[in-house]
Amino acid sequence: MQLLNLTPLDALFDPHIPALTSTAPSSRFATATRSHLGGELRASHVGAKVKLGGWVHRTRNLGGIVFLDLRDRAGLVQVSFDPKWTPADVIERAGKLGLETVITLEGEVAARPVEMRNAEMEAGEIEVRARGFQIVGPAETPAIPVARGKGEKLPAEELRLKHRNLDLRRFELQKNLILRHRLQQATRRFLDERGFLEIETPILTKPTPEGARDYVVPSRVHPGEFYALPQSPQLYKQLLMIAGFDRYFQIARCFRDEDLRADRQPEFTQIDIEASFISPEDIISLTEGMLAVLFQESGHDIPPKFERLSYADAMERFGSDRPDLRYALELFDASEAFRGSEFGIANSALAAGGRVRGIRIPGGATLSRKQVDEIELVAKSAGAGGLIRLKRGASGLEGPAAKFLSESAAQRLAVGEGALCLLVAGAEHVTSPALDRVRQDVAQRLSMVPEDKRSFLWVTDFPLFIREQNGGLSSVHHPFTAPNPEDIKFLDSAPEKVRALAYDVVFNGTELGGGSIRINDPALQRKVLSLLGIDSQTAQLRFGFLLDALSVGAPPHGGIALGMDRIAMMLAGASSLRDVIAFPKTTAARALFENAPSAVPPEDLRDLHLQTMTN
RNA sequence: GGGGCCGUAGCUCAGCUUGGUUAGAGCACUCGACUGUCACUCGAGAGGUCGCGGGUUCGAUCCCCGUCGGCCCCGCCA
């Protein structure tokens, strides 16, 4: 199933498999028991006496002669046991080896006769002629297979997570985690070269006002008190700026106790960056440079500068703050065409201050009634009352709403030959999400997403606040985001009009990260907190340490955080975060391999001054 | 919190539609044959709490209810 907004990149890019190891003639992995990785042996090694160690991936016992594929981190190599070079008792034992047994062996690299080469194997031109071997790690029959037959499906994900040690032996996952390692090293190199300091921040900390639920850790020495795991190192990195470190980064683990998705884990990793004396442009070009390096790490060139779109434009033209710009399908406003008409749905929306908005779909007339019904379902699930359908027929516009439209109004909608027009009436918060979903759904259906195209985009000028259902304000980004200086004058009169100095980076409709310039004026910070409904007493209690720090000489500063897991997932061409995390959690935030969470003994609870409410 | 899909041998699946003898296949496993295979091949064998609990029924893998677990989505979450 295609994930919403998460297009696996293997469709986009040539499947680029980074070499798992060096293929230098002499292995960097040599130890007393092993001279090479078997998977890195090539024709250039022919004649070499080698000692290998690895897992029995597959065996082929032909009676007098035995072949086995030995697997290690670098790949597979065929080992042959033949009376011409192998003692009889060794062949006998080799024929009985079970899959996933760990063995060490001694032998010689030999070229295979031409007709016996295996073009599907990287080491298919050679084989290792074994003289002897030792079982160093006996294996029971594995619970899930590591070697799969062609076309054989993966075991159920539940089993893969339960037997993660076996699943991680598969090349796909090894490749993904090695890619992730490279991305992390490239990140460190890139930022280090630019003067950024990697500084660790606490894991046991105070609740951060990020909006998500905190994971909470009880204190043994302070009855009834708790730490929280960080949702991000936000406040710490600001404190580091105030302390004068000037440029900071961290490949930081973050924790959020919210329900999961394929692209969401309860603990995840961010490339967290903060710098002083900078403008949004500095952060933007730094991020562009870094993403170029990261994409380069898996072989992809990206544009040096990304497109830009203001939040207002993005919402108006695409109904989303992270639009996928690989295809057009822009939204338009059809309100004027319906103003004064007898069309009830449109009228009530307009009367309530809403609008009629929609998209024109070139070639959309070919969509069947059933398909449009399905699209309507998508719109409804995003909150729309329904879809107003219009298309051009022989006698003008057709559709239930057509008869309410005057000639000039119909003209105005500019529905072309063969096009379908889908409209949603309602308030902004109804039309935008609905049309965003419709736009994506239609693009998928009509194959309008170019597989070879990539869209990198900055969305800027986010609003600082959003009006909650209960009438209060809350932060769009977080409470420490600086307002645009031009808009500070609206803070009291029209806070929703205040733009933030915040920016998100979006790739193919997926948010890769976001950041902002932070408030470094304690008075302004207090002001923003009070607008958020946090009275000064509470502000002092929760953020006093920040407010105090801002008062003792805080440089202007700002930064960004990028989702490491998502970037790794996209570059690996994976469809789930779980495939780029060594030990991920299930959608119920459970760890199946080690079985966490689990109950603790009553005496431990007593030490922590805790009681559980069972039933 | 809500919706959808799934759960049968160690693994991947069939059987369930329309309840009824002994629940099948491929791979893996055990035993045997086989001297150039590469998903080796061939023969034989072992392997099942049909996720769990309850209900309907003379009888439930199959129908109903509940529950547990996994996945996807909405809410939630940058």
Side-chain angles (χ1 to χ4, degrees), chain A residues 1-4 6 57-69 76-84 86 88 91 95-96 98-100 112-113 115-121 123-124 127 129 139-163 166-167 210-214 231-232 234 254-266 268 270 321-322 377-378 380-383 433 437 459 462 475-478 481 502 504-506 510-516 560-563 566 575-576 578 585-588 590 592:
Chain A
M1 158 121 199
Q2 184 81 324
L3 294 171
L4 187 66
L6 287 171
H57 187 68
R58 220 192 288 279
T59 60
R60 293 176 290 282
N61 183 352
L62 276 62
I65 180 168
V66 173
F67 298 96
L68 69 79
D69 294 336
L76 296 174
V77 67
Q78 172 167 284
V79 181
S80 63
F81 300 79
D82 185 305
K84 291 189 199 108
T86 316
I91 298 178
K96 291 181 173 153
L99 300 187
E100 298 308 313
R112 297 199 203 177
E115 64 276 16
M116 290 157 200
R117 289 180 184 164
N118 184 343
E120 288 175 23
M121 260 174 103
E127 65 180 6
R129 298 182 167 172
E140 295 170 5
T141 304
I144 59 171
V146 177
R148 270 181 305 149
K150 283 173 186 159
E152 191 183 332
K153 285 192 196 165
L154 284 175
E157 186 147 22
E158 183 176 359
L159 295 165
R160 291 177 46 209
L161 292 171
K162 197 165 179 175
H163 307 285
L166 290 172
D167 199 37
E210 217 83 13
R213 270 186 291 268
D214 286 308
Q231 295 183 29
S232 81
Q234 180 59 38
C254 307
F255 307 85
R256 288 178 191 162
D257 187 5
E258 296 292 347
D259 288 344
L260 275 48
R261 292 284 189 282
D263 61 342
R264 238 193 266 161
Q265 282 274 306
F268 59 98
Q270 284 189 344
D321 61 0
R322 47 175 169 76
L377 229 64
V378 167
K380 280 182 171 171
S381 79
R437 296 284 303 276
V459 178
F462 277 80
S475 293
V476 168
H477 199 68
H478 56 56
T481 302
D504 275 7
V505 59
V506 176
T510 299
E511 185 203 324
L512 292 183
S516 64
I560 193 166
L562 300 168
R566 281 190 187 181
S575 56
S576 162
R578 292 182 296 273
K585 305 279 190 286
T586 69
T587 44
R590 205 173 263 290
L592 296 183

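Naming: A, B, ... by sequence-line order, numbering from 1 per chain. Since this is a predicted model, take the numbers as computed values, not measurements.
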**Student:** Please classify the nucleic acid contact of A/R112 as base, sugar-phosphate, or nothing, using heavy-atom distances under 4.0 Å.
**Tutor:**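 Base contact.
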**Student:** What's the spacing between A/H478 NE2 and A/S516 OG if we round to 0.5 Å?
**Tutor:**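 Answer rounded to 0.5 Å: 4.5 Å.
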**Student:** Would you indicate what A/A588 reaches in the nucleic acid, counting non-hydrogen atoms under 4.0 angstrom: base, sugar-phosphate, or nothing?
**Tutor:**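 It contacts sugar-phosphate atoms only.
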**Student:** B/A28, OP1 or OP2 - any side-chain N/O from A/R58 closer than 4.0 Å?
**Tutor:**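 The answer is no; no side-chain N or O of A/R58 sits under 4.0 Å from OP1 or OP2.
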**Student:** Base, sugar-phosphate, or nothing for A/T86, non-hydrogen atoms under 4.0 angstrom?
**Tutor:**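 Result for A/T86 = nothing.
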**Student:** How does each nucleotide of nucleotides 2-10 of chain B score, in 5' to 3' order, for protein heavy atoms under 4.0 Å: base (B), sugar-phosphate only (S), or none (-)?
**Tutor:** --------S
**Student:** Do A/E127 and B/G36 have a side chain to base donor-acceptor pair shorter than 3.5 Å?
**Tutor:**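 Side chain to base: pair found, below 3.5 Å.
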**Student:** Determine whether a donor-acceptor pair (one donor, one acceptor, N or O, separation below 3.5 Å) exists between the side chain of A/R437 and the base of B/C74.
**Tutor:**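 Flag unset: no donor-acceptor pair detected.
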**Student:** Distance criterion of 3.5 Å, no angle test: do you see the side chain of A/R578 paired donor-to-acceptor with the base of B/G70?
**Tutor:**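 A donor-acceptor contact between them is absent.
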**Student:** Heavy-atom nearest nucleotide on RNA chain B for A/D504 versus A/P113: which residue maps closer to 5'?
**Tutor:**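 Checking each residue's closest nucleotide, the 5'-ward one belongs to A/P113.
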**Student:** Using a heavy-atom cut-off of 4.0 Å across all strands, would you classify A/R590 as base, sugar-phosphate, or nothing?
**Tutor:**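 Counting heavy atoms under 4.0 Å across all strands, the contact made by A/R590 is with sugar-phosphate only.
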**Student:** Output all residues satisfying side chain to side chain donor-acceptor pair (under 3.5 Å) with A/H163, sequence neighbours left out; order by chain, then residue number.
**Tutor:**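 Per chain and number, A/H163 pairs via side chain to side chain donor-acceptor pair (under 3.5 Å) with no residue.
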**Student:** Check side-chain contact (heavy atoms from CB on, under 4.5 Å) between A/R58 and all other residues, then give those that pass, not counting sequence neighbours.
**Tutor:**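 side-chain contact (heavy atoms from CB on, under 4.5 Å) check on A/R58 returns A/R60, A/D69, A/A147.
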**Student:** Within the structure shown, what part of the strands sits under 4.0 Å from A/N61 by heavy-atom distance: base, sugar-phosphate, or nothing?
**Tutor:**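 If one applies the 4.0 Å heavy-atom cut-off, A/N61 turns out to touch a base.
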